[in-house]
Peer 1: 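Okay, here's the structure, questions in a sec.
Everything quoted here is computed from the prediction, not taken from an experiment.
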Amino acid sequence: MSEKPIRGSQPQPDHIFISIADDAKTTMNVTWRTSTDVKNGYVLYREDGTDEIKRTEADTEVLKSDIDISNMFWVKLTGLKPDTKYFYTCGDDSHRSDEFSFTTEPENLTKFKFICVSDQQKGGCKCPDYSHFTEILKTVLAENPDARFILTGGDNTDCGQHEVQWNGAFEGVKGIVESIPFMMSVGNHDNRGFKDYEHGIGRYYAEPAEFFNNQFKGSYAYDGPENWKTENYTFNYGNVHFQVIGVNGPEEVNQWMIDDLNKNRRTWNIGTYHFPICYSGSDCANYDAYPVMTEGFEMLDLVFSGHEHNFARSFPRRNEELFERPSQGTIHYMLGNSNQNPPGTRAISKVWHSAFYCEEEPVSVVAIVEVDGEKITLTSKIIEDGRIVDKCTIDKAKDEITPYAIAPKFNQTRMTFKGALMGLCQSAVPCENVDGTWYACFGTLIGYIGGYVLKEKGKITLEAYGKRVEFFENSDQATVNGETVTIGAKVLRLRNQLYMPADACELFDMRWAYAARNNFISFEHEDESLLITEQP
């Protein structure tokens, strides 16, 4: 290109970072970018306290983006000594980086610390400003200098199919990730692009996440499912096995998760997946993962997520049921946003949450994770002022989570929509099991979510998600947008309201599940639109 875009690649190496792609005791990966003027590259490195300089040649590929053509370089340093500090530079004979350092993982490590950040993206088509995030990371690492790596929950950029976004993002971590491994998860914004980026026209989501994959294919373990490599990868550190799970190809990714965990389990098995399973947004959904990826997720001890720019921690969850002990289910830990990005969705505490913070302030939340044998302590903290959002310890040896929290067990069968208990509006109309069939008062359900409800003698008309459904008392016939259909059982009058068989929710394209231990029925819909009816 005759003229480089702002922050475009140059002969001098940039976008330098280190990462874990193999045994962290004996290897370290180095990634950087240059302009295409530079054809080859290598890393020079030496052990601390020695003068012997070693050299490893880089693999390289051309990276074509929407604004630039660059060369990407990847080096895997091998034969390193455990628990040893190394110094390195990268580049070619004429253009070399500053000298940076890193330390390898010690042998038999069971006590260590790492940092989790999420949703640090910043908009701006010319020059996204990540300077505040730079200060957030520096503050956290100054307070936790023993942190071994940074793990992200996704949305590292605002529109990851555009290179200007990655230019801004890497400017934000410059001076940091050259010396501490930077392990990125893909979020939906990381594979988002626009046909006309400057004007935001023609939005699309890349499947696979092409630009992420092309930049980082040599940065992380290339061990993901066949069609979704790089955006799905694993790594080990100490007594923890990590799965970094992408947002595309759920069926294939689920099988990959299962196969990998059957072979590579450690004391702790932790996943990162951008979309929260136990979400907090009033209009969100988890159809991207559940029920398709249920088996894979429920093999993990702990799952970090992001997406909603809000903090929440779940009870251990398995088969729709909520528990107290870590052996009984997977803990879903939704990371707050880490760069003053208040949420676009308004969050509420849900039935599955044991801890919750509605992060609608312009603050930055970061999680510090401390592994100590069979214990993990998680501390989520607002970095600007030091307030603790949540601190908990998961203890496998004692099979307990502190501070203690008891998952609910209801004495009347409650009804939830997208995890939200309906409170007073359903207190007089609990769900009922009649001769083995679960029934729910759909008039309350549809009214609660803002849909249209018309009650007439022996009949109720409900409208939601583009479906206008008429139910008739003592009949197993209903009409959907004027067409007659048969439902699984007759509509009954219970508690002086019309109750429908729960599986009739499928007429609205919903799904349902009964949590027997906790005694509630959950209803879900994948549509994230709000249903509040208009006032004529």
Peer 1: Can Ser364 and Ser338 be counted as having a side-chain donor-acceptor contact under 3.5 angstrom?
Peer 2: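 No pair is found: no donor N or O on one side chain lies under 3.5 Å from an acceptor on the other.
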Peer 1: Do other residues, nucleotides or ligands put more than 12 heavy atoms under 6.0 Å from Lys54 NZ?
Peer 2: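 Not more than 12 within 6.0 Å, no.
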Peer 1: Would you say the side-chain atoms of Gln161 and Tyr205 include a donor-acceptor pair closer than 3.5 Å?
Peer 2: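 Side chains of Gln161 and Tyr205: no pair found under 3.5 Å.
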Peer 1: Kindly indicate, with the supporting measurements, whether the criterion ring pair (Phe, Tyr, Trp, His ring centres under 6.0 Å) is fulfilled by Tyr273 and Phe304.
Peer 2: CA-CA 6 Å; Tyr273 177 72; Phe304 293 111; over 10 Å; no
Peer 1: Kindly state each residue pair satisfying salt bridge (Lys or Arg N to Asp or Glu O under 4.0 Å) with at least one member in residues 88-109, sequence neighbours excluded.
Peer 2: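 Salt bridge (Lys or Arg N to Asp or Glu O under 4.0 Å) check on residues 88-109 returns Arg46-Glu99.
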Peer 1: Please name all residues satisfying ring-ring contact (aromatic ring centres under 6.0 Å, His included) with Phe242, sequence neighbours left out, ordered by chain then number.
Peer 2: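 Result, ring-ring contact (aromatic ring centres under 6.0 Å, His included) vs Phe242: Phe114, Phe149, Phe235.
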Peer 1: Look up atom SG in Cys284 and atom CD in Glu528, then write down how far apart they are to the nearest 0.5 Å.
Peer 2: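 If we round to the nearest 0.5 Å, Cys284:SG and Glu528:CD are 5.0 Å apart.
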Peer 1: Atom NE2 in His332, atom NE2 in His353: separation rounded to 0.5 Å?
Peer 2: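 The NE2 atom of His332 sits 10.0 Å away from the NE2 atom of His353.
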Peer 1: Name all pairs fulfilling the salt bridge (Lys or Arg N to Asp or Glu O under 4.0 Å) condition that reach into residues 73-91, sequence neighbours left out, sorted by first residue then second.
Peer 2: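 Passing the test, one end in residues 73-91: Asp22-Lys76, Glu47-Lys81.
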Peer 1: One pair to check against salt bridge (Lys or Arg N to Asp or Glu O under 4.0 Å): Lys122 and Asp129. What are the steps and the verdict?
Peer 2: CA-CA 7 Å; Lys122 283 294 179 183; Asp129 182 6; over 6 Å; no
Peer 1: Once side-chain contact (heavy atoms from CB on, under 4.5 Å) is applied, do any residues pair with Asp51, and if so which ones, sequence neighbours excluded?
Peer 2: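 Residues passing side-chain contact (heavy atoms from CB on, under 4.5 Å) with Asp51: none at all.
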Peer 1: Tell me if the aromatic rings of Phe311 and Tyr333 count as close, with their centers under 6.0 Å from one another.
Peer 2: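 Yes; Tyr333 has its ring centre under 6.0 Å from that of Phe311.
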Peer 1: State yes or no: are the ring centers of Tyr88 and Tyr45 separated by less than 6.0 Å?
Peer 2: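 No, too far apart.
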Peer 1: Scan residues 162-179 for pairs that pass salt bridge (Lys or Arg N to Asp or Glu O under 4.0 Å), counting only residues two or more places apart or in two chains.
Peer 2: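 The answer is Arg33-Glu163.
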Peer 1: Side-chain donor-acceptor pair under 3.5 Å between Asn337 and Glu359, yes or no?
Peer 2: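 On atom types as modelled, these side chains qualify, holding a pair under 3.5 Å.
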Peer 1: Identify the heavy atoms of Lys64 and Phe211 that sit nearest to each other, and give their distance.
Peer 2: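 Heavy atoms of Lys64 and Phe211 come nearest at O-CE1, 4.4 Å.
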Peer 1: Write down the atom of Cys90, the atom of Val43, and the distance for their closest heavy-atom approach.
Peer 2: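 Minimum heavy-atom contact is CB-CG2, 4.0 Å.
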Peer 1: State which residues pass side-chain contact (heavy atoms from CB on, under 4.5 Å) with Asp301; sequence neighbours excluded, sorted by chain then number.
Peer 2: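 Residues passing side-chain contact (heavy atoms from CB on, under 4.5 Å) with Asp301: Trp268, Asn269, Lys396.
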Peer 1: Salt bridge between Glu361 and Arg387, side-chain N to carboxylate O under 4.0 Å?
Peer 2: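 Result for this pair is yes, salt bridge flagged.
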Peer 1: Nearest heavy-atom pair of Leu141 and Ile115: which atoms, and what distance?
Peer 2: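 Scanning both residues, the minimum pair turns out to be CD2-CG1, 4.2 Å.
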Peer 1: Going by the rule ring-ring contact (aromatic ring centres under 6.0 Å, His included), which residues pair with His132 if we only count those two or more places apart in sequence or in a different chain?
Peer 2: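 By the ring-ring contact (aromatic ring centres under 6.0 Å, His included) rule, His132 matches no residue at all.
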Peer 1: Please enumerate all residues that pass ring-ring contact (aromatic ring centres under 6.0 Å, His included) together with His241, with sequence neighbours excluded.
Peer 2: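 In terms of ring-ring contact (aromatic ring centres under 6.0 Å, His included), with neighbours along the sequence ignored, His241 is linked to no residue.
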Peer 1: Assess the side chains of Ser380 and Asp390: does a donor N or O sit below 3.5 Å from an acceptor N or O?
Peer 2: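 No pair is found: no donor N or O on one side chain lies under 3.5 Å from an acceptor on the other.
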Peer 1: If only side-chain N and O atoms count, and only distance matters, is there a donor-acceptor pair under 3.5 Å linking His162 with Asp66?
Peer 2: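 Side-chain D/A pair, Asp66 to His162: present.
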Peer 1: Which pairs count as salt bridge (Lys or Arg N to Asp or Glu O under 4.0 Å) when at least one residue sits in residues 195-217, sequence neighbours excluded?
Peer 2: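 Non-adjacent pairs meeting salt bridge (Lys or Arg N to Asp or Glu O under 4.0 Å): Glu61-Lys217, Lys126-Glu198.
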Peer 1: Does a donor on one side chain sit under 3.5 Å from an acceptor on the other, for Gln10 and Thr34?
Peer 2: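 Their side chains do not contain a donor-acceptor pair, so the 3.5 Å distance test is not met.
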Peer 1: Quick one about Gln255 and Glu295 (side-chain donor to acceptor, distance below 3.5 Å, no hydrogens or angles considered), yes or no?
Peer 2: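 Note: Glu295 and Gln255 side chains miss the donor-acceptor criterion.
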Peer 1: For Asn286 and Pro276, which heavy atoms make the closest approach, and how far apart are they?
Peer 2: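 Taking every non-hydrogen atom into account, CB-O, 3.9 Å.
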Peer 1: So, Asn156 and Thr152: side-chain donor and acceptor under 3.5 Å apart, yes or no?
Peer 2: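 Per modelled atom types, Asn156 and Thr152 side chains form a pair under 3.5 Å.
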Peer 1: For Val75 and Glu57, work out which heavy atoms get closest and say how close.
Peer 2: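 For Val75 versus Glu57, the nearest heavy atoms are CG2-O, 3.7 Å.
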Peer 1: What pairs of residues pass the ring-ring contact (aromatic ring centres under 6.0 Å, His included) test when at least one of them lies in residues 11-36, not counting sequence neighbours?
Peer 2: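 Every pair satisfying ring-ring contact (aromatic ring centres under 6.0 Å, His included) with a residue in residues 11-36: His15-Phe170, Phe17-Phe170, Phe17-Phe216, Trp32-Phe73.
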Peer 1: What residues form a side-chain contact (heavy atoms from CB on, under 4.5 Å) with Asp395, not counting sequence neighbours?
Peer 2: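 Partners of Asp395 under the side-chain contact (heavy atoms from CB on, under 4.5 Å) test: Lys375, Ala397, Lys398, Glu400.
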Peer 1: Taking the ring of Phe112 and the ring of Tyr237, is the distance between their centroids below 6.0 Å?
Peer 2: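 Yes, they do, as the ring centres are separated by less than 6.0 Å.
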Peer 1: Under the ring-ring contact (aromatic ring centres under 6.0 Å, His included) rule, collect the residues that match up with Tyr42, sequence neighbours excluded.
Peer 2: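 So Tyr42 forms no ring-ring contact (aromatic ring centres under 6.0 Å, His included) with any residue.
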Peer 1: Of the non-hydrogen atoms in Val164 and Ile67, which two are nearest, and what is the gap between them?
Peer 2: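 Looks like N-CD1, 3.8 Å.
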Peer 1: What distance do Ser219 atom OG and Ile18 atom CD1 have between them, rounded to the nearest 0.5 Å?
Peer 2: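 So the gap between those two atoms works out to 11.5 Å.
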Peer 1: Indicate whether any N or O donor in one side chain lies under 3.5 Å from an N or O acceptor in the other, for Ser280 and Glu308.
Peer 2: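 Distance-only check passes for Ser280 and Glu308.
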Peer 1: Under 3.5 Å, is there a donor on one side chain and an acceptor on the other for Thr36 and Asn71?
Peer 2: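 No, no side-chain donor-acceptor pair sits under 3.5 Å.
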Peer 1: Can you tell me if His274 and Asp155 form a side-chain donor-acceptor pair at under 3.5 Å?
Peer 2: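 Yes, side-chain donor-acceptor contact under 3.5 Å.
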